[in-house]
Amino acid sequence: MRTPLLRSAARLLRRRLLGATGAALLAGALLAGTPAGAARAADATPTAPAAGAPAPAAAAELPPDGDTVASPPGANDWTCRPSAAHPNPVVLVHGTFANRYENWLVLSPLLKSLGYCVFALDYGTVPGITSSGSGLLLPIGGLAPVADSAAQLARFVDLVRGATGAAQVDLVGHSQGGMLPNYYLKFLGGAAKVGKLVALAPSNHGTTLDGITNLAPYFPRVAELIYTACAACRDQAVGSDFNRRMASRPDTVPGVRYTVISTVYDEVVTPYRSQFLDGAGGAGAAAVDNEVVQAHCPLSLAEHVAVAFAPTALHLVTNALDPAHATPVLCG
């Protein structure tokens with residue numbers, strides 16, 4: 001049975017979909033990373049660091065929309081200094097048609113309570129459509145070409161490392177946010193700066209959207225409308241130029257530990273096993289753990305949206321971030 005939180009999340013997502021206008025929003029929202037439910041802009045300006053600590057970069061250097069959406073509880077305390085128990089700050093990466101606040105309302109405070117320094121960015125906004133919050137329903141991101149969004153992530157990781165003094169960060173992403181960090185690792189030199197990548201329902205090899213993307217050639221004008229508003233939707237479709245570029249290199253890079261957390265009920269990134277990564281990249285290949293929520297909790301009904309809030313999935317996240325202190329994962 002779903003918890004009140006998950007039922008509420010599902011209702012809010014349906015409200016977003018039903019309230020949207022046009023086929024472009026409907027199709028784009030099918031790739032949504034999270035349910036709606038965010039507050040609008042709040043004061044998200046980084047707090048001044050303690051005396052003698054590395055100062056974060058000026059606000060102008062933050063990725064676009066860094067100050068238009070409230071930070072989720074527990075995130076973006078620029079005075080935070082990593083502990084010996086958790087030396088790597090955790091950077092949270094939201095999904096398509098989402099933002100940092102709504103995607104990480106549960107995980108961000110959970111990680112903070114466990115002693116992590118937590119940071120979350122907004123990325124992939126399209127000026128004039130979503131960046132001001134006056135276009136669609138909320139200030140939402142994850143629409144721009146994935147390569148551009150990965151470059152934003154690269155800049156944000158450098159900001160976090162500079163502010164905290166950490167040599168590496170760990171990345172946790174959902175949906176597109178679980179896949180685009182791998183572009184950063186493969187093509188933008190991120191491997192030396194990242195210890196772990198934990199991906200919830202990532203679109204690692206593209207998606208058929210349960211076959212919907214296979215209909216695009218029959219409706220070219222509708223598809224073009226969708227892809228004009230959401231280049232990331234085009235990138236995440238099976239067989240896209242972006243996915244061919246990703247496939248030109250092994251799934252993983254040496255030195256990074258990968259965890260993929262999937263659900264058999266995923267209706268967005270389909271088939272769900274396409275999310276898995278292959279760590280067989282030869283000498284020095286990365287370690288990969290491909291996890292399925294229902295292998296630990298057969299009763300879980302978590303689907304693509306709910307997996308970012310499901311207790312079993314989040315337990316897998318915390319185990320992946322701190323494998324030395326992992327505990328048995330059960331339902332709830």
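Just so it is clear, the values below take in all heavy atoms, side chains as well, and ignore hydrogens, waters and symmetry mates. Everything quoted here is computed from the prediction, not taken from an experiment.
- Looking only at atom types and distance, the side chain of S300 has no donor-acceptor partner in the side chain of T312 under 3.5 Å away.
- A donor atom on one side chain and an acceptor atom on the other are not found under 3.5 Å apart for Y123 and D148.
- Two residues are said to be in side-chain contact when any heavy atoms from C-beta on lie closer than 4.5 Å; N204 and V260 meet this criterion.
- Residues V194 and Y184 meet the side-chain proximity criterion, which asks for heavy atoms closer than 4.5 Å.
- A donor-acceptor contact closer than 3.5 angstrom is absent between the side chains of H304 and T263.
- Electrostatic pairing of R155 and D158 does not count as a salt bridge here, judged by no charged N lying under 4.0 Å from a carboxylate O.
- Although no hydrogens or angles enter the test, the distance criterion places no donor-acceptor pair under 3.5 Å between the side chain of K112 and the main chain of V118.
- Counting only N and O atoms by type, the side chains of Q176 and H94 include no donor and acceptor under 3.5 Å apart.
- Counting only heavy atoms from C-beta outward, the side chains of L143 and F97 approach each other to under 4.5 Å.
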Problem - Derivation of the ring-ring contact (aromatic ring centres under 6.0 Å, His included) call for Y183 and F242 - result: CA-CA 10 Å; Y183 184 94; F242 174 83; 5.6 Å; yes
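- Atom NZ of K196 and atom CG of L321 lie 6.5 Å apart (nearest 0.5 Å).
- Each of P73, P72, P109 was compared with W104 under the side-chain contact (heavy atoms from CB on, under 4.5 Å) criterion, and only P72 meets it.
- A donor atom on one side chain and an acceptor atom on the other are found under 3.5 Å apart for D170 and N88.
- Put simply, the side chain of Q152 gets close to the backbone of G124: a donor and an acceptor are under 3.5 Å apart.
- Side-chain contact of H205 with D251: a donor-acceptor pair under 3.5 Å is present, judged by distance alone.
- Checking side-chain atoms of T164 against main-chain N and O of V160 turns up a donor-acceptor pair under 3.5 Å.
- In this structure, H315 has its ring center at least 6.0 angstrom away from the ring center of H296.
- In this structure, CG in D241 is found 8.5 Å from CG in D235, a value given to the nearest 0.5 Å.
- Judged purely by distance below 3.5 Å, without hydrogens or angles, the side chains of S203 and Q275 never pair a donor atom with an acceptor atom.
- The two atoms that bring G178 and P202 nearest to each other are C-CB, 3.7 Å, heavy atoms only.
- Judged by distance alone, the side chain of N103 and the main-chain N or O of G95 form a donor-acceptor pair under 3.5 Å.
- Two different hydrophobic clusters hold V238 and L277 under the rule that ILVMFWY side chains link at heavy-atom gaps under 4.5 Å.
- Of the possible donor and acceptor atoms, one in the side chain of R161 sits under 3.5 Å from a partner among the backbone N and O of A167.
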